[in-house]
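Let me begin by presenting the structure, written as structure tokens, before commenting on it.
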Amino acid sequence: MDYVRDFIEKNYPEYYGWFDYPADKTAAFCKVDAEWGILGNFARTPLIVAGVPFECVEKLFQVMKFADTDSRKIIYGSKGQTIKMKAKHQHKAGVVRADWPQIIVDVLKFCLMQKYEQSEAFRKELERSKGLFIVEVQPNSRRPANTYSAKLSPDGNTWSGPNLMGRLLMELRDKGMLEWKLPEDVLCFDDLKG
């Protein structure tokens, strides 16, 4: 079950839906070392938020999912795909922020804005994608598209899925900003300093 989809439907109905994109008019990304890879959250675009360095947006996003120091430190100390795995483990342990369903998209918007403001290479790739649909590729072809991504049709002509990540990136590219609202404590990273 895609619990994130339920959060989006209830708390962010404007971002809920299923969309189709012509494959020949897309900037599709999945792996950070492939074309358009810098658009992904695992791309190495170092950030500093509230005085704390993060090597990628995914780490920042996953740290913000938790309020307890232990979970945040476990995730902060992780690298690569381990970041997501550690966050899933902590989530299953039941220590995710109580307000996560109400802030998940705002957290993602905040993270993308930090990347946009702090990474010239990311801004340039977004600019280069003008005129194209941005699509995050569902990496496992046997599973249905998840909330963040889309899947390629069997004939290779259409990407289909919720594509939340791609839609937020297109919004950022086209508007030059994303609006977000977060509780103040979500940006308190004192437990991660030194």
Side-chain angles (χ1 to χ4, degrees), residues 2 4-5 7-9 11-50 53-65 80-81 83-84 100 102-139 145-153 156-182 186-187:
D2 187 352
V4 175
R5 189 172 297 163
F7 295 168
I8 307 295
E9 182 179 19
N11 300 297
Y12 296 94
E14 68 275 24
Y15 289 106
Y16 184 79
W18 192 273
F19 303 89
D20 293 326
Y21 308 93
D24 62 345
K25 293 181 173 61
T26 61
F29 68 94
C30 182
K31 297 183 178 187
V32 297
D33 57 353
E35 184 177 22
W36 304 110
I38 196 168
L39 300 179
N41 283 353
F42 280 99
R44 295 190 61 76
T45 51
L47 311 164
I48 296 177
V49 179
F54 294 87
E55 69 263 17
C56 65
V57 165
E58 187 67 26
K59 184 176 280 190
L60 174 61
F61 177 76
Q62 296 296 347
V63 163
M64 292 174 74
K65 189 185 287 187
Q81 289 293 325
I83 297 166
K84 200 176 235 181
W100 187 244
Q102 292 82 36
I103 67 171
I104 186 171
V105 172
D106 286 297
V107 169
L108 189 51
K109 287 179 173 184
F110 171 82
C111 292
L112 290 174
M113 277 303 300
Q114 296 306 302
K115 184 175 178 178
Y116 187 76
E117 291 171 356
Q118 296 184 42
S119 173
E120 182 179 359
F122 173 64
R123 287 192 306 274
K124 284 182 177 178
E125 273 304 83
L126 269 184
E127 181 68 23
R128 186 171 79 90
S129 76
K130 279 193 174 175
L132 299 172
F133 296 103
I134 300 174
V135 173
E136 182 173 22
V137 174
Q138 169 66 32
N146 66 26
T147 301
Y148 299 103
S149 65
K151 280 183 67 169
L152 191 59
S153 61
N157 292 327
T158 308
W159 289 100
S160 297
N163 192 36
L164 176 62
M165 198 50 201
R167 289 167 49 220
L168 287 175
L169 288 166
M170 289 185 280
E171 183 179 336
L172 175 57
R173 175 195 65 198
D174 298 343
K175 292 183 177 179
M177 65 171 297
L178 293 170
E179 294 182 15
W180 48 268
K181 185 175 181 180
L182 294 171
V186 80
L187 297 174

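The shown structure was predicted, so the numbers you read here are calculated from the model rather than taken from an experiment.
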Provide the closest heavy-atom pair for [X] versus [Y] in the form atom of the first, atom of the second, distance.
| X | Y | result |
| --- | --- | --- |
| Ala150 | Gly161 | CB-N, 3.9 Å |
| Gln118 | Leu47 | OE1-CA, 3.2 Å |
| Leu187 | Met64 | CD2-CE, 3.7 Å |
| Pro162 | Phe19 | O-CD1, 3.7 Å |
| Ala23 | Gly156 | CB-O, 3.4 Å |
| Trp18 | Ser160 | NE1-CB, 3.6 Å |

Only residue of Val135, Leu132, Asn163, Leu126 satisfying side chain to side chain contact (heavy atoms under 4.5 Å, CB included) with Met170 is Asn163
[atom1]/[X] to [atom2]/[Y] distance, rounded to the nearest 0.5 angstrom?
| X | Y | atom1 | atom2 | result |
| --- | --- | --- | --- | --- |
| Ile83 | Cys56 | CD1 | SG | 4.0 Å |
| Asn11 | Glu14 | CG | CD | 9.5 Å |
| Glu58 | Leu108 | CD | CG | 9.0 Å |
| Lys151 | Asn146 | NZ | CG | 10.5 Å |
| Leu152 | Tyr21 | CG | OH | 14.0 Å |
| Leu178 | Met113 | CG | CE | 6.5 Å |

Checking Arg128 now: which residues fulfil salt bridge (charged side-chain N to carboxylate O under 4.0 Å, His left out) with it, not counting sequence neighbours? Glu35, Glu125
Looking at residues at least two apart in the chain, or sitting in another chain, which of them share a salt bridge (charged side-chain N to carboxylate O under 4.0 Å, His left out) with Lys59?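 Lys59 satisfies salt bridge (charged side-chain N to carboxylate O under 4.0 Å, His left out) with Glu55 only.
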Please confirm whether the ring centroid of Phe61 lies under 6.0 Å from the ring centroid of Trp100. yes
Taking [X] for the side chain and [Y] for the main chain, is one N or O donor matched with an acceptor at less than 3.5 Å?
| X | Y | result |
| --- | --- | --- |
| Thr158 | Asp20 | no |
| Tyr148 | Gly166 | no |
| Asp106 | Lys181 | yes |

Can you find a heavy atom in the side chain of [X] that is under 4.5 Å from one in the side chain of [Y]?
| X | Y | value |
| --- | --- | --- |
| Lys31 | Phe42 | no |
| Val49 | Phe110 | yes |
| Val4 | Ile8 | yes |
| Met165 | Leu112 | yes |
| Ile134 | Phe29 | yes |
| Glu171 | Tyr15 | yes |

Quick one, Leu172 with Lys109, criterion side-chain contact (heavy atoms from CB on, under 4.5 Å). Give me CA distance, side-chain angles, the key distance, then yes/no. CA-CA 9 Å; Leu172 175 57; Lys109 287 179 173 184; over 6 Å; no
Run the side-chain contact (heavy atoms from CB on, under 4.5 Å) check on Asn157 and Asp24 step by step: do they pass? CA-CA 7 Å; Asn157 292 327; Asp24 62 345; over 6 Å; no
Got a sec: does the CD of Glu179 have more than 12 other heavy atoms crowding it under 6.0 Å? no
Decide whether Lys65 and Gln62 meet the rule of one side-chain donor and one side-chain acceptor closer than 3.5 Å.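 Yes, Gln62 and Lys65 have a side-chain donor paired with an acceptor closer than 3.5 Å.
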Show your reasoning for whether side-chain contact (heavy atoms from CB on, under 4.5 Å) applies to Phe122 and Val57. CA-CA 12 Å; Phe122 173 64; Val57 165; over 6 Å; no
Any carboxylate oxygen within less than 4.0 angstrom of a Lys/Arg side-chain nitrogen, looking at Lys124 and Glu120?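 Yes, charged N to carboxylate O under 4.0 Å.
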Could you go through Trp159 and Val137, starting from their C-alpha distance and side-chain angles, then the distance that decides it, and tell me whether this counts as side-chain contact (heavy atoms from CB on, under 4.5 Å)? CA-CA 8 Å; Trp159 289 100; Val137 174; 3.5 Å; yes
